[in-house]
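Here is the structure we will look at, set down as structure tokens.
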Number of protein chains: 2
Amino acid sequence: MHDRLLAQPGYVLRRAANAMSAELSRRLGVLGLRATDASVLILLEESPGITASAIGRAIDIQRANMVPLLRRLEDAGLIDKTPIDGKSQGLALTRSGRDTLAQAWTIIESFERELLERIPAEHRDHLLPALTALWQGEDD
Amino acid sequence: MHDRLLAQPGYVLRRAANAMSAELSRRLGVLGLRATDASVLILLEESPGITASAIGRAIDIQRANMVPLLRRLEDAGLIDKTPIDGKSQGLALTRSGRDTLAQAWTIIESFERELLERIPAEHRDHLLPALTALWQGEDD
DNA sequence: AGCGATTGTTGTTGTGCATAGCAATCACGA
DNA sequence: TCGTGATTGCTATGCACAACAACAATCGCT
């Protein structure tokens, strides 16, 4: 019906990413998490005590946009802030945050597994390297 | 730094798609077009006289969201509407619309070419089939 | 001590997409 | 022929995500 579009990797990339994001959001929704929330929690697990700005730098979220995100996580009792000095504050998972993240990991892992299973075996292992090259190869 | 995230195809898919979308939008911006506009114009070239609802159905844009999109295209003189019956209207490219689309194609094709060039040769041909399987294999 | 950079924050804007509701119209079976 | 259900175009509204500008407080370095 719209063959020209379906032949464009860029178009299909956008569509696939939208579909996957929507599905992941739906699944994480049962934990009260958004996809971005989960990314932040994951980062926080890897680097406890990291600062808000540093998280933003790591996963390319503007400093300003971290504020409402972190406030939600803090209000939900998943993270807490500890002053490092007069202006920086270290972030870390609370116990409840660790529990929620563990549940999130279960969801994410089965999601990723199903995602890969949908891809024919001969293409499967090429997806991650191809996408990584695409994204990281950005020249701006 | 955040290895867990970078190892998730779903995460990298989202990031790659965002980066690509931003770049394409930037390039199409010089024509005053958004990425979605271009998709609609392409569809309109393939199926002149198609109706707004049918376009929405073809590329999964809600009927409601077609309205401002089409109004912009019409205000820009790229498309025109012809009543089919009392409630439906056929859409078609104007001459100016065809010209703009031709320019858009030039941009899109070089964009897609550069996109593929960024991917190592051994992975390149697997991207489109993998993404298509991912997206079309949706079970909801 | 002073100055540039950094941090957290507020506020605003734009884009993409979803949903609900509505009036007009169409299509098809009774 | 009628009328009921589906379709069409449209308004309005909301949510998620992200960009930008501006700001006060603080830090780090010379």
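Remember, predicted model here, so these are calculated numbers, not experimental data.
Two residues are said to be in side-chain contact when any heavy atoms from C-beta on lie closer than 4.5 Å; Met20(A) and Arg118(A) meet this criterion.
Within the 4.0 angstrom heavy-atom criterion, no nucleotide atom of any strand lies near Ser25(B). Here Arg57(B) lies in heavy-atom contact (under 4.0 Å) with sugar-phosphate atoms only.
No donor-acceptor pair under 3.5 Å is formed between the side chain of Ser88(B) and the backbone N or O of Ile84(B). The main-chain N or O of Thr51(A) is never found under 3.5 Å from a side-chain atom of Gln89(A) such that the two would form a donor-acceptor pair. No side-chain donor-acceptor contact under 3.5 Å links Ser47(A) to the backbone of Ile50(A). Side-chain N or O atoms of Ser110(B) include one that pairs as donor or acceptor with a backbone N or O of Ile107(B) at under 3.5 Å.
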Acceptor/donor pairs from residues 57-77 of chain A side chains to any protein atom, 3.5 angstrom cut, sequence neighbours excluded:
residue: Asp60(A); atom: OD2; partner: Arg15(B); partner atom: NH2; Å: 2.6
residue: Arg72(A); atom: NH1; partner: Asp37(A); partner atom: OD1; Å: 3.4
residue: Arg72(A); atom: NH1; partner: Asp37(A); partner atom: OD2; Å: 2.9
residue: Arg72(A); atom: NH2; partner: Asp37(A); partner atom: OD1; Å: 3.3

Give me the distances for all protein-to-nucleotides 10-15 of chain D N/O pairs that come in under 3.5 Å?
none

What does the list of N/O pairs under 3.5 Å between the protein and nucleotides 27-30 of chain D look like, with a distance for each?
residue: dC27(D); atom: OP1; partner: Gly86(A); partner atom: N; Å: 2.4

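For DNA chain C, the span of nucleotides reached by chain B at under 4.0 Å from its heavy atoms goes, 5' to 3', from dT15(C) to dC26(C).
Partners of Ile42(A) according to the side-chain contact (heavy atoms from CB on, under 4.5 Å) rule, which considers only residues two or more places apart in sequence or in another chain, are Leu101(A), Trp105(A), Ile108(A), Arg4(B), Leu5(B). Applying the salt bridge (charged side-chain N to carboxylate O under 4.0 Å, His left out) rule to Glu114(B) yields the partners Arg27(B); only residues at least two apart in sequence or on another chain are considered.
Straight-line distance from the CG atom of Asn18(B) to the P atom of dA18(D): 6 Å, rounded to whole Å. The nearest whole Å value for the distance from the CD atom in Glu23(A) to the P atom in dA16(D) is 17 Å. Spacing between atom CD of Gln62(A) and atom P of dC23(D) amounts to 18 Å, rounded to whole angstrom units.
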Intermediate values then yes/no, side-chain contact (heavy atoms from CB on, under 4.5 Å), Leu93(A) and Leu78(A): CA-CA 6 Å; Leu93(A) 295 178; Leu78(A) 304 180; 5.7 Å; no
Worked verdict on Leu127(A) versus Leu134(B) for side-chain contact (heavy atoms from CB on, under 4.5 Å): CA-CA 10 Å; Leu127(A) 183 62; Leu134(B) 249 191; 4.1 Å; yes
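Ring geometry for Tyr11(A) versus His2(A): interplanar angle over 60°, hence perpendicular rather than tilted (30 to 60°).
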